[in-house]
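For reference, the structure is listed below as C-alpha coordinates.
Residue numbers start at 1 and run along the sequence shown. Below, each value reflects all heavy atoms present in this structure, side chains not excepted, and no hydrogens, waters or symmetry copies.
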Amino acid sequence: PGLLSLCVQGQARAVNESGTILGVMTQVGCPATVVTWNGGVITPTSAPLAAKEPVAITESGTLAGWGATGFQFNTTKGWILKGSTFAWIEPPSTTMGLQFLGMNDAEEAGGRLLVPSGASNFKYTPVLWKSGVFTNVAVPSEFVGGRVSDINNLGFACGAWDGSTRGQAFVLAPNAHAVDLDQLVPVDIGYLVMDAVAINDAGQIAANLRLPGAPFSKTVAAVLTPSA
(Lines give C-alpha, C1' and ligand atoms only; values in the text may rest on other atoms or scores of the structure.)
Protein backbone atom coordinates (compact mmCIF):
# COMPACT_ATOMS: atom_id res chain seq x y z
CA PRO A 1 0.00 0.00 0.00
CA GLY A 2 2.90 2.42 0.48
CA LEU A 3 2.75 5.65 2.43
CA LEU A 4 -0.72 6.53 3.66
CA SER A 5 0.23 9.89 5.17
CA LEU A 6 3.27 11.58 6.61
CA CYS A 7 3.00 9.60 9.84
CA VAL A 8 1.64 6.24 8.63
CA GLN A 9 3.44 3.67 6.51
CA GLY A 10 2.54 0.24 5.23
CA GLN A 11 4.52 -2.90 4.48
CA ALA A 12 3.21 -5.74 2.30
CA ARG A 13 3.91 -9.32 3.41
CA ALA A 14 1.80 -11.57 1.15
CA VAL A 15 -0.91 -11.58 -1.54
CA ASN A 16 -3.53 -14.14 -2.57
CA GLU A 17 -4.84 -15.05 -6.04
CA SER A 18 -7.67 -12.49 -5.75
CA GLY A 19 -5.18 -9.68 -5.22
CA THR A 20 -5.84 -9.06 -1.53
CA ILE A 21 -2.63 -7.94 0.12
CA LEU A 22 -1.70 -8.83 3.69
CA GLY A 23 0.60 -6.51 5.55
CA VAL A 24 1.25 -4.29 8.52
CA MET A 25 0.49 -0.62 9.02
CA THR A 26 2.68 1.37 11.38
CA GLN A 27 2.01 4.82 12.79
CA VAL A 28 4.65 6.87 14.56
CA GLY A 29 4.49 6.12 18.28
CA CYS A 30 2.04 3.23 17.82
CA PRO A 31 2.47 -0.55 17.50
CA ALA A 32 2.11 -2.21 14.09
CA THR A 33 -1.38 -3.35 13.08
CA VAL A 34 -2.06 -6.33 10.81
CA VAL A 35 -4.18 -5.15 7.85
CA THR A 36 -5.49 -6.31 4.49
CA TRP A 37 -5.70 -4.12 1.39
CA ASN A 38 -7.83 -4.55 -1.70
CA GLY A 39 -9.07 -2.06 -4.28
CA GLY A 40 -7.59 0.86 -2.40
CA VAL A 41 -9.36 -0.02 0.86
CA ILE A 42 -7.27 -0.82 3.93
CA THR A 43 -9.01 -2.98 6.54
CA PRO A 44 -7.50 -3.46 10.02
CA THR A 45 -7.84 -7.05 11.28
CA SER A 46 -8.67 -8.32 14.75
CA ALA A 47 -5.21 -9.86 15.19
CA PRO A 48 -3.71 -8.80 18.55
CA LEU A 49 -0.71 -6.49 18.65
CA ALA A 50 1.57 -9.40 19.62
CA ALA A 51 0.79 -11.08 16.27
CA LYS A 52 3.10 -8.67 14.51
CA GLU A 53 4.53 -10.94 11.79
CA PRO A 54 1.83 -11.84 9.20
CA VAL A 55 3.15 -14.14 6.47
CA ALA A 56 0.29 -15.65 4.45
CA ILE A 57 -3.28 -15.06 3.23
CA THR A 58 -5.33 -17.85 1.68
CA GLU A 59 -7.87 -17.46 -1.11
CA SER A 60 -10.68 -17.66 1.47
CA GLY A 61 -9.07 -14.89 3.52
CA THR A 62 -7.54 -16.92 6.35
CA LEU A 63 -4.41 -15.23 7.68
CA ALA A 64 -1.34 -16.81 9.24
CA GLY A 65 1.82 -15.57 10.88
CA TRP A 66 3.82 -15.60 14.07
CA GLY A 67 4.43 -13.38 17.05
CA ALA A 68 5.83 -13.26 20.56
CA THR A 69 3.52 -13.40 23.57
CA GLY A 70 6.26 -12.27 25.94
CA PHE A 71 9.49 -10.29 25.98
CA GLN A 72 11.72 -13.30 25.41
CA PHE A 73 12.44 -14.64 21.91
CA ASN A 74 11.52 -18.14 23.06
CA THR A 75 7.88 -17.06 23.53
CA THR A 76 7.23 -17.08 19.77
CA LYS A 77 4.11 -18.89 18.54
CA GLY A 78 2.33 -19.33 15.25
CA TRP A 79 -1.12 -17.86 14.74
CA ILE A 80 -4.14 -18.18 12.46
CA LEU A 81 -6.94 -15.66 11.96
CA LYS A 82 -10.01 -17.16 10.28
CA GLY A 83 -12.81 -14.64 9.95
CA SER A 84 -13.03 -13.07 13.39
CA THR A 85 -11.59 -16.12 15.17
CA PHE A 86 -7.95 -15.74 16.22
CA ALA A 87 -5.91 -18.63 17.59
CA TRP A 88 -2.33 -18.93 18.80
CA ILE A 89 -0.64 -22.17 17.69
CA GLU A 90 1.46 -23.49 20.54
CA PRO A 91 4.80 -25.12 19.71
CA PRO A 92 5.48 -28.68 20.93
CA SER A 93 6.39 -28.83 24.62
CA THR A 94 9.92 -30.03 23.84
CA THR A 95 10.68 -26.89 21.82
CA MET A 96 11.18 -23.23 22.65
CA GLY A 97 9.10 -21.50 19.97
CA LEU A 98 7.35 -21.64 16.60
CA GLN A 99 7.37 -19.37 13.55
CA PHE A 100 4.97 -19.91 10.65
CA LEU A 101 6.50 -18.75 7.35
CA GLY A 102 3.92 -19.84 4.76
CA MET A 103 0.46 -21.39 4.37
CA ASN A 104 -1.61 -22.80 1.50
CA ASP A 105 -5.36 -22.69 0.86
CA ALA A 106 -5.84 -26.00 2.71
CA GLU A 107 -4.37 -24.27 5.78
CA GLU A 108 -1.24 -26.41 5.77
CA ALA A 109 1.63 -24.33 7.13
CA GLY A 110 5.39 -24.44 6.93
CA GLY A 111 7.88 -22.79 9.22
CA ARG A 112 10.51 -23.48 11.81
CA LEU A 113 10.73 -24.56 15.44
CA LEU A 114 13.19 -23.22 17.97
CA VAL A 115 14.71 -26.22 19.71
CA PRO A 116 17.26 -26.34 22.55
CA SER A 117 20.86 -26.85 21.48
CA GLY A 118 23.45 -26.97 24.23
CA ALA A 119 23.30 -25.35 27.64
CA SER A 120 22.04 -21.92 26.60
CA ASN A 121 21.59 -22.00 22.83
CA PHE A 122 18.90 -22.93 20.34
CA LYS A 123 18.65 -23.86 16.69
CA TYR A 124 15.91 -23.75 14.08
CA THR A 125 14.45 -26.92 12.61
CA PRO A 126 12.12 -27.05 9.57
CA VAL A 127 8.56 -28.17 10.22
CA LEU A 128 5.17 -28.66 8.56
CA TRP A 129 1.88 -28.17 10.42
CA LYS A 130 -1.71 -29.18 9.66
CA SER A 131 -4.73 -29.31 11.96
CA GLY A 132 -2.60 -29.31 15.09
CA VAL A 133 -0.13 -31.96 13.91
CA PHE A 134 3.57 -31.13 13.48
CA THR A 135 5.78 -33.02 11.01
CA ASN A 136 9.50 -32.44 11.27
CA VAL A 137 11.57 -32.20 8.09
CA ALA A 138 14.81 -34.14 8.38
CA VAL A 139 18.02 -32.11 8.44
CA PRO A 140 21.10 -33.75 6.81
CA SER A 141 24.04 -34.27 9.13
CA GLU A 142 26.16 -31.57 7.47
CA PHE A 143 23.63 -28.89 8.42
CA VAL A 144 22.49 -27.61 11.80
CA GLY A 145 18.89 -26.54 11.12
CA GLY A 146 16.60 -24.97 8.60
CA ARG A 147 13.09 -23.82 7.73
CA VAL A 148 10.13 -24.50 5.46
CA SER A 149 9.49 -21.18 3.72
CA ASP A 150 6.36 -21.93 1.70
CA ILE A 151 3.88 -24.65 0.69
CA ASN A 152 1.67 -24.67 -2.40
CA ASN A 153 -1.89 -25.95 -2.84
CA LEU A 154 -0.63 -29.32 -4.11
CA GLY A 155 1.31 -29.90 -0.90
CA PHE A 156 4.78 -29.27 -2.33
CA ALA A 157 6.97 -27.26 0.03
CA CYS A 158 10.30 -25.49 -0.25
CA GLY A 159 12.83 -24.09 2.16
CA ALA A 160 16.47 -24.31 3.16
CA TRP A 161 18.85 -26.07 5.50
CA ASP A 162 21.33 -23.91 7.40
CA GLY A 163 25.00 -24.73 7.89
CA SER A 164 27.94 -23.03 9.52
CA THR A 165 29.43 -22.04 6.16
CA ARG A 166 26.54 -22.28 3.69
CA GLY A 167 22.83 -22.78 3.21
CA GLN A 168 21.19 -25.29 0.91
CA ALA A 169 17.73 -25.05 -0.65
CA PHE A 170 15.37 -28.02 -0.78
CA VAL A 171 12.00 -28.98 -2.22
CA LEU A 172 9.67 -31.40 -0.49
CA ALA A 173 6.93 -33.44 -2.18
CA PRO A 174 3.89 -34.61 -0.17
CA ASN A 175 4.73 -37.64 2.00
CA ALA A 176 8.30 -37.72 0.72
CA HIS A 177 11.80 -36.77 1.75
CA ALA A 178 13.24 -33.33 1.05
CA VAL A 179 15.47 -33.15 -2.03
CA ASP A 180 18.51 -30.88 -2.43
CA LEU A 181 17.58 -28.43 -5.21
CA ASP A 182 21.14 -28.53 -6.57
CA GLN A 183 20.36 -32.10 -7.65
CA LEU A 184 17.46 -30.88 -9.79
CA VAL A 185 19.01 -27.95 -11.66
CA PRO A 186 21.48 -28.25 -14.58
CA VAL A 187 25.04 -28.50 -13.31
CA ASP A 188 26.28 -26.04 -15.94
CA ILE A 189 24.46 -23.02 -14.48
CA GLY A 190 27.46 -22.49 -12.22
CA TYR A 191 25.45 -21.44 -9.18
CA LEU A 192 24.49 -23.06 -5.89
CA VAL A 193 20.85 -22.80 -4.81
CA MET A 194 21.15 -21.41 -1.30
CA ASP A 195 17.56 -20.66 -0.39
CA ALA A 196 14.06 -21.36 -1.72
CA VAL A 197 11.56 -18.79 -0.50
CA ALA A 198 8.30 -19.43 -2.38
CA ILE A 199 6.62 -22.09 -4.55
CA ASN A 200 3.49 -21.74 -6.67
CA ASP A 201 1.01 -24.34 -7.90
CA ALA A 202 2.94 -24.72 -11.18
CA GLY A 203 5.97 -25.83 -9.17
CA GLN A 204 7.98 -22.68 -9.91
CA ILE A 205 10.31 -21.77 -7.07
CA ALA A 206 11.63 -18.31 -6.20
CA ALA A 207 15.19 -18.89 -5.03
CA ASN A 208 18.44 -17.20 -4.08
CA LEU A 209 21.63 -18.45 -5.76
CA ARG A 210 25.32 -17.71 -5.39
CA LEU A 211 28.57 -18.71 -7.07
CA PRO A 212 30.67 -21.34 -5.27
CA GLY A 213 33.06 -19.60 -2.89
CA ALA A 214 31.26 -16.27 -3.10
CA PRO A 215 30.22 -14.54 0.15
CA PHE A 216 26.67 -14.93 1.38
CA SER A 217 25.99 -11.28 0.52
CA LYS A 218 26.67 -11.92 -3.18
CA THR A 219 23.44 -13.63 -4.18
CA VAL A 220 21.21 -13.44 -7.25
CA ALA A 221 17.46 -14.01 -7.41
CA ALA A 222 16.06 -16.60 -9.81
CA VAL A 223 12.89 -18.47 -10.72
CA LEU A 224 13.33 -22.24 -11.07
CA THR A 225 10.76 -23.80 -13.43
CA PRO A 226 10.20 -27.59 -13.57
CA SER A 227 11.11 -29.07 -16.94
CA ALA A 228 8.46 -31.81 -16.70
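Side chain of Thr20 to backbone of Asn38: no donor-acceptor contact under 3.5 angstrom is found. Side chain of Asp150 to main chain of Cys158: no donor-acceptor pair is present (N/O by atom type, distance under 3.5 Å, no hydrogens or angles). Remark: the backbone N or O of Val193 is paired with a side-chain donor or acceptor of Gln168 at under 3.5 angstrom. Counting only distance, with no hydrogens or angles, the side chain of Asp201 and the backbone of Asn153 share a donor-acceptor pair below 3.5 Å. Distance alone, capped at 3.5 Å, places no donor-acceptor pair between the Trp79 side chain and the Ala87 backbone. Put simply, the side chain of Trp161 gets close to the backbone of Ala138: a donor and an acceptor are under 3.5 Å apart. With Thr76 contributing its side chain and Gly97 its backbone, the two residues share no donor-acceptor pair below 3.5 Å.
Placement of Ile205 and Leu154 within a single hydrophobic cluster is found when ILVMFWY residues are connected by side-chain heavy-atom separations under 4.5 Å, directly or transitively. Both Trp88 and Leu22 are assigned to one and the same hydrophobic cluster, defined by single-linkage of ILVMFWY side chains at heavy-atom distances under 4.5 Å. Cluster membership check: Ile57 shares its hydrophobic cluster with Leu81, using side-chain heavy-atom separations under 4.5 Å among Ile, Leu, Val, Met, Phe, Trp and Tyr. When the side chains of ILVMFWY residues are joined at heavy-atom separations under 4.5 Å, either directly or via intervening members, Val179 and Ile199 end up in a single hydrophobic cluster. When the side chains of ILVMFWY residues are joined at heavy-atom separations under 4.5 Å, either directly or via intervening members, Tyr124 and Val137 end up in two distinct hydrophobic clusters.
Donor-acceptor pairing under 3.5 Å is recorded for the side chains of Ser60 and Thr58.
Distance CD/Glu108 to CG/Asn152: 9.0 Å, rounded to 0.5 Å. Within the model, atoms CD of Glu107 and OG1 of Thr62 stand 4.0 Å from one another, a figure rounded to the nearest 0.5 Å. Separation of atoms CG (Leu192) and CG (Asn208) is listed at 12.5 Å; rounding is to 0.5 Å. One distance of note links CG of Asp195 with OG1 of Thr219; it measures 9.0 Å at 0.5 Å rounding. Here the straight-line distance linking atom CG of Asn136 with atom CH2 of Trp129 works out to 15.0 Å at 0.5 Å rounding. The structure places CD1 of Ile21 at 13.0 Å from CZ of Arg13, a figure rounded to the nearest 0.5 Å.
Ionic pairing of Lys77 and Glu90 is present here: one or more N-O contacts between side-chain nitrogen and carboxylate oxygen are shorter than 4.0 angstrom.
Within a 6.0 Å radius of CD in Glu59, other residues, nucleotides and ligands contribute more than 12 heavy atoms. The environment of OH in Tyr191 is sparse: at most 12 heavy-atom neighbours from other residues, nucleotides or ligands sit within 6.0 Å.
Shortest non-hydrogen contact noted between Val55 and Gly102 is CG2-N, 4.0 Å. Of all heavy-atom pairs spanning Leu128 and Gly110, the tightest one is CD2-CA, 4.3 Å. For the residue pair Ala196 and Ala169, the shortest heavy atom distance occurs at N-CB, 3.6 Å. When every heavy atom of Met25 is checked against every heavy atom of Ile42, the shortest pair comes out as SD-CG2, 4.4 Å. Closest non-hydrogen pair, Leu172 versus Ala178, comes out as CD1-N, 3.3 Å. The two residues Leu98 and Pro91 make their nearest non-hydrogen contact at CB-CB, 3.7 Å.
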side-chain contact (heavy atoms from CB on, under 4.5 Å) evaluation trace for Val171 with Leu224: CA-CA 11 Å; Val171 64; Leu224 308 179; over 6 Å; no

side-chain contact (heavy atoms from CB on, under 4.5 Å) evaluation trace for Val148 with Leu101: CA-CA 7 Å; Val148 176; Leu101 302 177; over 6 Å; no

Candidate pair Phe100 and Ile80, rule side-chain contact (heavy atoms from CB on, under 4.5 Å), full reasoning: CA-CA 9 Å; Phe100 280 161; Ile80 293 177; 4.3 Å; yes

